[in-house]
Amino acid sequence: MDPEELPFEPYRTKVVERIPNPTREDRERALQRAHFNLFNLRSDEIRVDLLTDSGTGAMSDRQWAALMVGDETYAGSRNFARFEETVRSITGFPHVLPAHQGRAAENLLFSALCRPGDVVPNNMHFDTTQAHVLNQRARPVNLAVPEAYDATSDFPFKGNMDIGALESALSGPDHVPLVMVTITNNTGGGQPVSLANLREVARVTRAHRIPLYLDMCRWAENAFLVREREPGMHERSIAEIGRAFFDLADGATMSAKKDGLVNIGGFVATRDSALAERMKELLILYEGFPTYGGLARRDLEAIAVGLHEAMDLEYLAHRIGQVRFLAERLARHGVPFLRPVGGHGVYLDVHRFLPHLPADDLPGQALAVEIYREGGVRTVEIGAIMFPTTEATAGRMLELVRLAVPRRTYSASQLAYVADVIGRVYARRAAIQGFEMSYRPERLPHFTAHFRPKSGG
Ligand code: F0G
């Protein structure tokens, strides 16, 4: 794929949605009202929304058609049978429990497996994954390879687990109820895990008789990057590469809002029948009967279609091509971002973008606010606010602002607009001032915190 080339869209438009065009005054007012937290913005205040790639993509005509065959039977719906069969055939995991989204699946798995004081290793936890481990009073730890923390390294598999660190964690005194590997590593830049690395992880977890789970929400993007970069993988299909990953694991959690190509949904799957029964009880308590799991049955049908569409090579080449196109346009402006470019977004490297702002000035937030102010583009800080220093981060966190590209949603010209907006912010970067938090909630602070400019303006 040549990143300078316009990525060819392998679909045409059937429905359009008008994009708002807030004026500079509208944007200033919106920032004040939102307490400078971009999660508080309203969609009519946003020109291009790169806050997340989760549940914000466009469904296909086939998915919309699938909704029409929704069978809203409480127990035993046909749509569940199709969904279950699809997840089983892709992953090989026999027990499949639907949930309304990824964090609900995490809640089921961690509630069933974790006890207070347990340690849960992951290459890198994402925000809700970490919060759910903590919610069980267990201790999340991040064990990604050292290259993952160097924004300028071109190491091709920055999602990989540090095998030595994993060995030590499993040989120590702490009880480890499971090991998780997140494919791709979202917190570290949408970076892939290699199959060779997962084999090593599985060798270690088996030797210690500890279950291995995948956070598989971006598994098809991971497989695409493995296919490109890992020796011997180039001729294999996404389904085959995915299956090679699943065959090494005991189960997985999934937010279908990513590589399920739907707006809502998820699941947890496992080979362990006793665990599946325990989780089923929790599922009924928190989500709903095991044949719908907090979703409308029609949503399960749309997930079944989406999971197949996400494996299409032409779709993936376009998707990841869009991310690379955006990165290439940013590079023309000299904008620093994490390398190599990952699967679902470009992550700006805040330390190199705003070297004059110390950590106390919340530089990631300052940058996200300026990008919105400049052109109505919404992004998200993935740095010291989303991940304050804890045992999990052990003081090793990148300071990033993520431009997450929703699937099948924006055109190349809209992404070029984003690059130009950020280019203008980069040109005036020396004048950007710091922020402080004026309200800090206890858990998951980035979602609901309030901020104010440090200058008092
Ligand atoms: N795991 C990973 C790696 C994620 O990226 C997310 C969500 C979840 C689990 C939770 O899934 O949102 O369906 O409950 N990530 C979104 C994001 C929100 O913006 O990256 P969920």
Side-chain angles (χ1 to χ4, degrees), residues 38-39 49-57 97-111 120-135 140 142 144 148 158-159 161 178 180-193 213-222 245 251-269 286-287 293-295 299 302-303 306-307 310 323 338 342-347 364 368 378-383 385-387 392 398 400-407 409 443-444 446-448:
L38 306 186
F39 281 97
D49 199 353
L50 305 187
L51 179 75
T52 180
D53 63 322
S54 180
T56 52
L97 282 66
H100 79 271
Q101 61 183 82
R103 68 200 70 180
E106 290 163 2
N107 185 29
L108 299 173
L109 183 67
F110 298 145
S111 297
V120 179
N122 199 317
N123 45 351
M124 275 193 211
H125 288 83
F126 194 58
D127 58 352
T128 59
T129 324
Q130 176 162 317
H132 272 292
V133 173
L134 291 169
N135 197 38
N142 291 344
K158 285 180 163 182
M161 191 84 119
L178 79 163
M180 272 200 113
V181 176
T182 306
I183 55 173
T184 58
N185 172 7
N186 180 15
T187 306
Q191 302 292 319
V193 176
Y213 279 77
L214 295 174
D215 179 335
M216 62 174 278
C217 59
R218 297 183 182 86
W219 70 278
E221 291 164 9
N222 196 84
F245 276 76
T253 55
M254 167 98 184
S255 167
K257 299 167 75 175
K258 284 85 166 174
D259 284 351
L261 291 170
V262 289
N263 303 118
I264 196 73
F267 58 84
V268 52
Y286 292 122
E287 296 283 299
L295 293 163
D299 292 334
I303 295 172
L307 285 170
V323 176
L338 182 125
H344 63 288
V346 180
Y347 291 57
R378 180 159 70 167
T379 59
V380 73
E381 188 256 19
I382 299 191
I385 300 168
M386 190 182 281
F387 294 102
L398 293 156
L400 305 166
V401 165
R402 183 183 69 177
L403 318 174
V405 180
R407 294 167 182 77
T409 301
R443 282 197 245 196
L444 292 164
H446 51 293
F447 287 117
T448 53

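Atoms within a ligand are numbered from 1 in the order they appear, just like the ligands themselves.
Under a 4.0 Å N-O distance rule, the pair D53/R407 qualifies as a salt bridge. Residues R378 and D49 are paired through a salt bridge, judged by an N-O separation under 4.0 Å between the basic side chain and the carboxylate.
Residue Y347 comes nearest to I382 through the heavy atom pair CE2-CD1, 4.0 Å, listed as atom of the first residue, atom of the second, then distance.
Sorted by chain then number, the residues whose non-hydrogen atoms approach ligand 1 to under 4.0 Å are T52, S54, Q101, G102, R103, E106, F126, T128, T129, T182, N186, D215, C217, R218, S255, K257, K258, R402.
Checking each of N186, I183, N185, T182 against R218 for a side-chain contact (heavy atoms from CB on, under 4.5 Å) leaves exactly one that passes, namely N186.
Counted by atom type alone, T129 and E106 present one or more donor-acceptor pairs between their side chains at under 3.5 Å. Side chains of H446 and E381: no donor on one and acceptor on the other come within 3.5 Å.
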